[in-house]
Amino acid sequence: MSIGHWLIVLVIVLLLFGANKIPKLMGDMAKGVKAFKHGLKDEDEQQAQAAAAPQPQVPPSQVTEAQAAKPAAAPDSAPKP
């Protein structure tokens, strides 16, 4: 595209939006881009924190002294009348 084409596009944009709305639109667009980048940055930080956090290790189940001292209930093997 040559400079002439860009000038035609610029004139059409000025006619559609007006000269005073263009800076406002560009400012809103810049705010949107900043918010998008901030959101990506927060997401990356959360993923990094989740990856850096040590995973809790569950110890194998151990029988406590109270559980070892308590006898298991024996099932009734004799039929009831």
Side-chain angles (χ1 to χ4, degrees):
M1 295 186 88
S2 67
I3 294 176
H5 290 111
W6 285 111
L7 289 175
I8 293 171
V9 170
L10 180 62
V11 169
I12 292 172
V13 169
L14 285 173
L15 289 174
L16 289 175
F17 295 110
N20 53 355
K21 286 189 179 181
I22 292 177
K24 185 178 175 183
L25 288 172
M26 295 306 287
D28 290 344
M29 194 159 87
K31 287 179 186 177
V33 170
K34 286 180 184 179
F36 179 73
K37 286 182 180 180
H38 182 70
L40 288 177
K41 181 180 164 186
D42 287 345
E43 185 177 305
D44 289 342
E45 287 176 359
Q46 288 175 356
Q47 288 177 353
Q49 287 175 355
Q55 298 295 327
Q57 294 181 354
V58 178
S61 64
Q62 298 175 354
V63 178
T64 62
E65 291 179 24
Q67 290 173 338
K70 183 171 73 171
D76 293 335
S77 58
K80 294 184 179 183

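Everything numeric here is computed off the predicted structure, so don't read it as measured data.
Under the 4.5 angstrom side-chain criterion for Ile, Leu, Val, Met, Phe, Trp and Tyr, Val33 has no cluster partners at all.
Listed by chain and number, the residues in a side-chain hydrogen bond (donor to acceptor under 3.5 Å, both in side chains) with Asp28 amount to none (sequence neighbours excluded).
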Name each donor-acceptor pair under 3.5 Å that joins a side chain in residues 3-25 to protein atoms two or more places apart or in another chain, with its distance.
residue : atom : partner : partner atom : Å
His5    : ND1  : Ser2    : N            : 3.3
His5    : ND1  : Ser2    : OG           : 3.0

